[in-house]
Colleague: 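Handing you a structure now.
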Amino acid sequence: MKRALTWLCLLTLAGCDDREIKTYSIAKEPADAPGLPPPAATTRRPRWSVPAGWKELPPSGMRAATFTVEKSRADISVVTFPGTAGGLLSNLNRWRGQLGLPAIVSESEVETILVNGQPSQIVELTSTTEDKAIFGAIYLREDQSWFLKLTGTKAEAAALKDVFESFAKSFQFDNAPTSTNNG
């Protein structure tokens with residue numbers, strides 16, 4: 001066995017003609033490169049009211065906020081992107097795909113409501129094959145898009161449904177520089 005490995009190593013090394021080590025340098029894109037979303041911590045945020053029992057964590061990466069809920073493992077995030085971020089259908093269908101649900105083809109299949117006088121969508125998605133659910137709110141603005149998403153088991157999501165909807169409806173887009181924590 002040792003002899004076979006030795007021959008294999010020798011044959012492998014003998015087949016390598018180019019023994020020069022090559023290095024490459026690639027310029028790193030600046031953090032404010034065109035097309036990249038700004039860091040969540042630097043964007044102007046809407047105001048919102050944090051429900052009782054929810055704890056707001058600091059922004060990180062693409063998340064403008066993350067929330068934990070007492071006695072729940074549900075993940076609640078607020079994410080923002082510049083512009084319309086691909087539009088309503090692409091974002092909603094991405095969430096649907098995460099649950100194994102078929103894509104929808106028309107915005108008419110999604111109910112639009114007014115949140116503080118501005119059009120928004122609040123959706124409830126439940127997997128038909130797994131114990132997963134997503135509640136989401138989508139706020140598409142010309143200059144900035146906001147996505148509020150609760151991911152958890154069906155039972156966790158159902159228990160948080162009313163509170164999530166109240167939280168989603170508390171968003172106020174009036175160019176406020178920071179969020180408020182009124183919870």
Side-chain angles (χ1 to χ4, degrees), residues 31-51 54 56-57 59-67 69 74-154 156-180:
D32 60 348
L36 294 177
T42 64
T43 60
R44 294 180 65 103
R45 300 184 340 167
R47 289 177 290 138
W48 56 66
S49 297
V50 179
W54 289 26
E56 184 172 352
L57 304 176
S60 65
M62 293 178 6
R63 290 183 176 210
T66 298
F67 297 90
V69 180
D75 178 53
I76 303 165
S77 62
V78 178
V79 177
T80 184
F81 292 99
T84 59
L88 175 63
L89 284 180
S90 65
N91 286 288
L92 184 55
N93 283 331
R94 181 175 37 80
W95 288 350
R96 293 177 65 83
Q98 291 170 1
L99 296 177
L101 298 173
I104 58 173
V105 295
S106 171
E107 289 187 15
S108 66
E109 297 179 62
V110 183
E111 180 183 1
T112 297
I113 63 168
L114 294 181
V115 173
N116 291 306
Q118 298 190 27
S120 306
Q121 292 75 30
I122 297 178
V123 297
E124 179 179 347
L125 306 171
T126 304
S127 174
T128 56
T129 59
E130 300 177 75
D131 186 21
K132 291 183 184 178
I134 293 175
F135 291 163
I138 300 174
Y139 312 102
L140 299 179
R141 307 294 176 251
E142 288 181 20
D143 63 335
Q144 196 85 21
S145 295
W146 292 84
F147 302 91
L148 171 57
K149 181 179 172 187
L150 179 151
T151 305
T153 65
K154 292 175 184 178
E156 288 170 331
L160 294 169
K161 180 181 178 177
D162 292 340
V163 176
F164 176 83
E165 286 183 9
S166 294
F167 176 58
K169 290 176 181 178
S170 78
F171 275 54
Q172 295 181 26
F173 296 91
D174 58 2
N175 298 324
T178 59
S179 71
T180 59

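The chain is numbered in sequence order, starting from 1. Just so you know, these numbers use all the heavy atoms, side chains as well, and skip hydrogens, waters and symmetry mates.
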Colleague: Side chains of Ile104 and Asn93: does their closest heavy-atom pair fall under 4.5 Å?
Modeller: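 Sidechains of Asn93 and Ile104: in contact.
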Colleague: Gln98: what forms a side chain to side chain donor-acceptor pair (under 3.5 Å) with it, not counting sequence neighbours?
Modeller: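 With neighbours one apart ignored, the set is Lys149.
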Colleague: For a side chain to side chain contact (heavy atoms under 4.5 Å, CB included) with Ile113, tell me which candidate from Lys169, Glu165, Gln121 qualifies.
Modeller: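 Of the listed residues Lys169, Glu165, Gln121, the side chain to side chain contact (heavy atoms under 4.5 Å, CB included) partner of Ile113 is Lys169.
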Colleague: A quick test of your reading: do over 12 heavy atoms of other residues, nucleotides or ligands sit less than 6.0 Å from CD of Glu111?
Modeller: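 12 or below, so no.
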Colleague: What are the two closest heavy atoms between Pro119 and Arg141, and how far apart are they?
Modeller: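 The pair with the smallest heavy-atom distance is O-NH1, 3.0 Å.
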Colleague: Would you mind reporting whether Val123 and Trp95 have side-chain heavy atoms less than 4.5 Å apart?
Modeller: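 Touching, per the 4.5 Å side-chain cut-off.
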Colleague: Between atom CD of Glu156 and atom NZ of Lys132, what is the distance when rounded to the nearest 0.5 Å?
Modeller: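 It comes to 12.5 Å.
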Colleague: For a 4.5 angstrom cut-off between non-hydrogen side-chain atoms, does Tyr139 reach Gln144?
Modeller: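 Tyr139 does not reach Gln144 side chain to side chain.
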Colleague: Hey, could you give me the CG/CD distance between Leu99 and Glu130, rounded to the nearest 0.5 Å?
Modeller: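 The distance works out to 7.5 Å.
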Colleague: Do Leu125 and Arg96 have side-chain heavy atoms sitting under 4.5 Å apart?
Modeller: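 Leu125 reaches Arg96 side chain to side chain.
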Colleague: How close do Ala64 and Trp146 get, heavy atom to heavy atom, and via which atoms?
Modeller: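 Reported closest heavy-atom pair: CB-CZ3, 3.7 Å.
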Colleague: Let me confirm one number: the CG-CG distance from Asp75 to Leu150, rounded to the nearest 0.5 Å.
Modeller: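 The CG atom of Asp75 sits 8.0 Å away from the CG atom of Leu150.
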Colleague: Quick one: are Asn116 and Phe173 in side-chain contact, heavy atoms under 4.5 Å?
Modeller: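 Asn116 vs Phe173: side chains apart.
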Colleague: Could you give the distance from CG (Leu148) to CZ (Phe164), rounded to the nearest 0.5 Å?
Modeller: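 Interatomic distance, Leu148 CG to Phe164 CZ, rounded to 0.5 Å: 4.0 Å.
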Colleague: Give the minimum heavy-atom separation between Leu101 and Thr126, together with the two atoms involved.
Modeller: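 Looking at all heavy atoms of both residues, the shortest contact is CD2-O, 3.6 Å.
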Colleague: Where do Ala85 and Ser90 come nearest, in terms of heavy atoms and distance?
Modeller: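 Shortest heavy-atom contact: O-OG, 4.3 Å.
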Colleague: Within the distance-only criterion (no hydrogens, no angle test), does the side chain of Asn91 pair as donor or acceptor with the backbone N or O of Ile138 below 3.5 angstrom?
Modeller: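 Checking the backbone N and O of Ile138 against the side chain of Asn91, no donor-acceptor pair under 3.5 Å is found.
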Colleague: Heavy atoms, side chains only, cut-off 4.5 Å: are Ile76 and Phe135 in contact?
Modeller: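 They are not in side-chain contact.
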Colleague: If I compare all heavy atoms of Pro46 with all of Phe171, which pair ends up nearest, and what's the gap?
Modeller: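 Closest pair (atom of Pro46, atom of Phe171, distance): CG-CD2, 3.7 Å.
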Colleague: In the structure I gave you, are the side-chain heavy atoms of Leu140 and Phe147 within less than 4.5 Å of one another anywhere?
Modeller: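 They are in contact (side-chain heavy atoms under 4.5 Å apart), so the answer is yes.
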Colleague: Can you tell me how far the CG atom of Leu88 sits from the OG atom of Ser120, to the nearest 0.5 Å?
Modeller: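 Nearest 0.5 Å value for the CG-OG distance: 10.5 Å.
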Colleague: Search all heavy atoms of Ser145 against all heavy atoms of Thr80 and return the closest pair with its distance.
Modeller: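 Result for this residue pair: O-OG1, 2.9 Å.
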